[in-house]
Amino acid sequence: MEYDFTAIEKKWQKYWDENKTFKTEYQPDKPKFYVLDMFPYPSGSGLHVGHPEGYTATDIVSRYKRMKGFNVLHPMGWDAFGLPAEQYAIQTGTHPSVTTKQNCDTFRRQIKALGLSYDWDREINTTDPSYFKWTQWIFSKLFNTWFDPGIQKGRPICELSIPDFIKSLGEKGIRQYIDSKRLAYYDNAQVWWCGNCKIVCANEEILNDGSHEKCGTKEVVRKNLKQWMLRIPHYAERLLTGLDTLKEWPESVKDMQRNWIGKSTGAEVDFIVDQTDIKLKVYTTRPDTLFGATYMVVAPEHELLNKLVIEEKMAEVALYIKAASLKSDLDRTELAKEKTGVFTGRYAINPVNNEKIPIWVADYVLMGYGTGAIMAVPGHDTRDFEFAKKFDIPVICIMDPINAESGLREKVLKGEACWTEDGEYINSSNSENELDINGMNKQNGILTITNWLEEKNLGMTAVNYKLRDWLFSRQRYWGEPFPVVHWEDGEITLLDNEELPLELPVLENFQPGEGGESPLANATDWLVVTDRNGRKGRRETNTMPQWAGSCWYYLRYIDPANDKVPFSAEKEKHWMPVDLYIGGAEHAVLHLLYSRFWHKVLYDLGIVSTDEPYKKLYNQGMILAFAYETDSGSKVPSDLVDEKDGKYFHKETGEELKQIVAKMSKTLRNVVNPDDVINSYGADSLRLYEMFMGPLDATKPWTENGVKGVFNFLCRAHRFFADMNNISNEKDDQEVMKVLHQSIQKITSDIDNLKFNTAISQLMIFTNLAIKKGKVSLKTAKTFALLLSPFAPHLGEELWNLYGGGKTLSFEPWPQFNEKFLKEDTFEYPISFNGKLRFKIYFPLNADREEIEKVVLRHEKAQKWIEGKQIKKVIVVPKKIVNVVVI
RNA sequence: GCCCGGAUGGCGGAACUGGUAGACGCGCUGGACUUAAAAUCCAGUGGACAGCAAUGUCUGUGUGGGUUCAAGUCCCACUCCGGGUACCA
């Protein structure tokens with residue numbers, strides 16, 4: 001009987017589809033399990049083999065949990081807004097919604113061909129107005145929320161109390177005050193603009209060398225445009241501390257988020273500017289190095305800069321500011337770049353010793369972090385050191401690197417090298433103001449000086465975060481429209497909830513508007529609004545970024561058809577949090593941080609019931625492919641490569657090539673298409689292979705032979721288990737029962753730990769034994785079908801059906817292992833001498849140490865190792881090992 | 001530079017809280033079936049050495065040290081590879 005995988009897979013996919021086998025009903029009395037995939041962007045090129053990896057993993061867990069009696073929520077949908085469909089529209093005039101629909105259809109067909117147990121009735125699409133209605137609704141919530149730092153909580157804007165001095169400013173002042181507190185606000189911000197494409201780009205589209213990834217030109221500049229921003233830094237502390245509660249997240253992801261949030265503790269210190277009444281505030285993490293400060297730097301954008309500069313330096317400084325403003329952030333931060341700067345002609349007074357230090361302007365200080373001004377300590381900060389060396393500014397060593405190697409220590413003490421580590425302070429006292437930290441270490445120094453600053457009212461402890469406001473608008477057509485009107489008098493109002501969704505206008509011209517505006521600027525009818533009083537307004541032409549839809553989609557799956565509210569509160573309470581979330585590591589920071597941020601806001605507003613959305617997170621690894629390169633490192637497309645005796649040669653030049661592992665790419669011609677794999681080996685083989693390749697989180701290269709290997713296993717399994725001649729009425733022998741129950745135990749715990757590769761190897765071990773035995777009982781064969789089914793569901797169902805098990809095995813109870821079959825009464829002890837294994841002896845499990853020791857030492861084979869030596873001791877580890885130590 | 005992660009046969013990878021390294025699969029070798037091949041089945045397979053052989057000895061988890069009766073696993077130093085991030089004061 002042949003393994004006709006195509007027929008089997010079609011048959012069961014049709015069955016699941018028609019019977020809605022995996023439709024999830026709301027059953028509050030049953031334990032729930034919510035398994036989520038990071039939903040895909042449906043690109044035009046269809047599924048690649050990377051997609052099924054995560055999807056198969058979650059599918060295995062879903063099927064397993066169903067059999068374990070859980071009510072499983074396992075949905076799929078489309079993150080379908082995005083640039084490619086819009087660019088295609090610019091080129092061809094095809095509306096993005098048409099392209100999007102086609103792509104979704106392809107993705108759905110391909111995903112269904114994998115036999116994944118999604119509840120397709122819950123399918124969502126971020127471009128669907130019935131979906132983005134609620135994305136807009138959440139935006140309104142963000143707009144109408146402020147963060148109360150006192151209780152570290154988001155609150156409705158109507159609960160914001162207005163200070164009296166603001167009230168006295170009148171309506172406009174009040175409005176400005178309120179706007180300055182909203183989590184969503186509208187303000188000038190810099191964006192990337194590609195002069196070649198005449199389009200605004202996202203940060204991630206700008207490559208490290210400053211070129212635009214789409215067109216390759218370097219005509220990318222910064223432009224100042226009015227933008228929507230979200231005040232995510234207000235939630236920095238919550239987002240940070242929340243990480244500690246996520247016990248089932250990979251440490252690496254949490255570390256990346258911590259780094260991204262970038263909390264640092266230090267002090268703000270006020271410096272008086274000599275001969276002025278200006279106070280210059282700096283932020284430093286090293287207030288202990290104040291005695292070593294030999295100059296100060298302010299960022300070119302610093303608001304006090306113009307007031308600071310002395311007359312004679314005005315022109316030079318103005319020139320410098322101009323030059324800096326033309327540089328992109330990238331130029332400014334490019335490594336190995338020579339530092340630049342200009343002296344302002346002004347001096348500041350160092351509060352610890354009243355010495356005058358020059359104030360410079362330099363673009364290595366960024367306006368967006370801290371106070372935009374620093375005290376520079378070249379002796380103990382590498383950047384300041386570089387700058388000081390270049391401009392001949394004195395370097396004072398105030399910390400003796402007592403543990404450094406002597407040559408370096410000499411240099412540091414002379415100010416010829418920079419030392420940033422711990423040591424012992426020197427030159428750090430001033431008797432006039434009773435400050436002395438000489439001899440202390442870094443930790444005490446920081447503490448002492450900070451206390452001193454606070455006492456003297458010169459500074460205070462301060463905390464800073466690297467996390468910046470989130471630029472939340474894109475100058476694009478194919479995104480969620482903002483439910484916003486800009487009125488001619490400057491007021492911004494939101495649409496009423498009843499007016500949502502605000503749909504996109506139908507356009508024929510998708511070219512960007514003038515001056516960096518989105519194509520929506522062309523939709524004049526849609527754009528202009530007039531209110532009841534004849535006041536004219538204009539809709540927002542920006543749209544939301546792609547992150548918006550993916551920030552909350554896991555909530556919509558809970559109640560996808562609800563048109564009254566985004567989701568019912570009762571159902572939300574039942575299903576949340578997501579129990580298992582699997583996706584690529586590329587979303588470790590942005591998507592997961594943004595999504596956590598929105599969730600926390602919704603939580604504060606009482607809209608969701610949990611503080612964190614995702615209980616367990618797991619990153620699947622990337623699937624790579626073999627590629628080939630010449631000695632000089634140039635890549636050779638895979639179809640130009642011949643293999644001979646494990647070596648690789650260029651088909652045309654005959655040159656020997658190196659096999660390397662690389663990302664699949666069209667240019668390397670090593671892309672594997674899941675459709676092809678399914679046609680040749682079936683979906684079960686594809687699923688099984690992707691899980692068998694290695695640990696789920698590892699990056700691993702695809703090999704055709706590997707697929708053949710698991711295909712071969714499924715053929716063997718089918719040949720044996722689908723042949724009723726091999727299924728007997730008799731009881732299985734002890735060995736079969738033992739391995740069967742070992743398999744149940746191992747596969748169960750492996751699925752719980754997402755170790756699918758070893759679970760599959762156990763299925764193979766059992767199959768090998770069954771084939772060797774020639775017959776197994778019906779009960780055992782049924783158990784095997786159940787164990788196999790999460791991994792290879794089509795074959796699992798087919799066997800189950802063959803054994804007369806009923807309609808579908810999807811809700812059959814998961815097999816339980818019985819300890820009694822695993823019990824052994826003897827153990828084969830490895831006997832080692834001085835740690836080296838020499839031979840083995842069986843002992844009954846209840847044999848005591850003395851007895852084992854006696855038998856081992858008397859054993860014939862032992863004499864060889866004992867002879868002429870002294871037995872120092874004998875170590876017996878029950879059920880593990882015996883080690884005889886001789887000298 | 002900084003922060004993570006990794007390195008085990010020809011290849012992908014196993015190895016519980018330190019206790020028989022190399023499970024399972026691929027590849028390879030030999031054999032059976034076949035006119036032949038494919039498919040299938042059986043056996044072998046880290047390396048070196050000795051032996052006709054069963055077998056035996058040595059060696060072996062990136063490198064160098066250490067702890068331990070015992071180290072792939074723990075500690076210290078280093079090399080290489082992958083990911084993230086970068087004038088964040």
Side-chain angles (χ1 to χ4, degrees), chain A residues 208 250-260 262-264 266 282-286 289 297 329 332-337 339 362-366 368-377 381-384 386-387 420 464-468 585-586 588-589 619 621-622 624 626 645-646 659 661 688-689 692-695 697-710 712-713 715-716 719 749 755 757-765 767-768 771-772 828-840 864 872-886:
Chain A
N208 274 336
E251 269 320 307
S252 61
V253 173
K254 289 196 274 184
D255 274 339
M256 278 161 76
Q257 295 212 355
R258 285 187 191 109
N259 288 339
W260 195 265
K263 180 177 182 174
S264 83
V282 304
Y283 172 72
T284 177
T285 52
R286 296 291 305 274
T289 60
V297 184
D329 263 10
R332 280 179 63 168
T333 62
E334 209 175 328
L335 194 71
K337 194 207 64 168
K339 287 197 168 40
D363 64 6
Y364 82 92
V365 170
L366 306 172
Y369 185 80
T371 61
I374 61 159
M375 61 177 216
V377 184
D381 181 287
T382 46
R383 296 151 302 182
D384 298 344
E386 273 174 45
F387 189 87
T420 57
N464 257 297
Y465 301 91
K466 284 196 227 172
L467 190 64
R468 305 294 170 80
E586 65 273 21
V589 178
N619 293 127
M622 231 188 315
L624 305 175
F626 285 117
D645 303 324
Q659 189 184 55
V661 172
L688 214 56
Y689 174 58
F692 187 62
M693 288 172 88
D697 58 355
T699 50
K700 48 228 155 198
W702 182 276
T703 63
E704 175 89 10
N705 276 335
V707 192
K708 282 185 191 160
V710 292
N712 191 32
F713 160 68
C715 288
R716 277 160 57 84
R719 200 177 309 124
S749 78
K755 290 164 76 174
N757 53 335
T758 49
I760 292 166
S761 106
Q762 190 63 39
L763 285 168
M764 290 171 169
I765 290 170
T767 305
N768 289 343
I771 290 170
K772 200 167 136 195
E828 188 181 25
Y829 277 89
I831 313 299
S832 55
F833 293 80
N834 287 346
K836 284 185 183 170
L837 173 70
R838 297 303 176 184
F839 56 91
K840 297 174 186 179
K864 183 174 170 185
K872 207 175 154 198
K873 66 173 151 178
V874 181
I875 290 147
V876 179
V877 186
K879 272 193 91 175
K880 283 270 158 71
I881 204 166
V882 175
N883 191 18
V884 183
V885 185
V886 294

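Side chains included, hydrogens not; waters and symmetry mates left out as well; all remaining heavy atoms used. All chains are named by letter (A, B, ...) in the order of the sequence lines, taking the proteins before the strands, and each is independently numbered beginning at 1.
- For A:K708 against B:C26, a side-chain-to-base donor-acceptor contact under 3.5 Å is absent.
- Across all strands shown, A:I765 has heavy atoms under 4.0 Å from sugar-phosphate atoms exclusively, and none from any base.
- Look at A:N259 and you won't find any side-chain N or O under 4.0 angstrom from OP1 or OP2 of B:A86.
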- Item | Bracket string, RNA chain B, 5' to 3' - pairs by Watson-Crick or G-U geometry under 3.5 Å, | interstrand | (((((((..(((......[....)))((((((.......))))))(((((....)))))..(((((..]....))))))))))))....

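- Nearest-nucleotide assignment on RNA chain B puts the 5′-proximal partner with A:G694, out of A:V877 and A:G694.
- Contacts of A:N768 with the nucleic acid, taken as non-hydrogen atoms under 4.0 Å apart, involve only primed sugar atoms and P, OP1 or OP2.
- Residue A:K879 is classed as having no contact, given no heavy-atom separation below 4.0 Å to the nucleic acid.
- The shortest distance between the side-chain N/O atoms of A:K755 and the OP1/OP2 oxygens of B:A15 is below 4.0 Å.
- If you check every strand for non-hydrogen atoms under 4.0 Å, A:G706 touches nothing.
- Nucleic acid contact class of A:K254 (heavy atoms, under 4.0 Å, all strands): none.
- Using a 4.0 Å cut-off, some side-chain N or O of A:K836 falls inside it from OP1 or OP2 of B:U59.
- Here B:C69 is the nucleotide among B:C4, B:U57, B:C69 with the atom lying nearest to any side-chain atom of A:V885.
- For A:T382, no side-chain nitrogen or oxygen approaches OP1 or OP2 of B:C87 to under 4.0 Å.
- Between B:C58 and A:R838, a contact under 4.0 Å exists linking OP1 or OP2 to a side-chain N or O.
- Looking at the side chain of A:P695, the nearest of the listed nucleotides B:A89, B:A14, B:U20 is B:A14.
- Interface remark: the A:N883 side chain does form a donor-acceptor pair with the B:C69 base, using a distance-only criterion of under 3.5 Å.
- Taking only side-chain nitrogens and oxygens, A:R719 comes nearer than 4.0 Å to OP1 or OP2 of B:C41.
- Among the heavy atoms of the strands lying under 4.0 Å from A:S264 are primed sugar atoms or P, OP1, OP2 only; no base atom is included.
- Heavy-atom nearest nucleotides on RNA chain B were determined for A:C715 and for A:G835, and the one closer to the 5' end corresponds to A:C715.
- A:T284 comes within 4.0 angstrom of the backbone, heavy atoms only, and of no base.
- Using a 4.0 Å heavy-atom criterion, one finds that A:N712 contacts the sugar-phosphate atoms exclusively.
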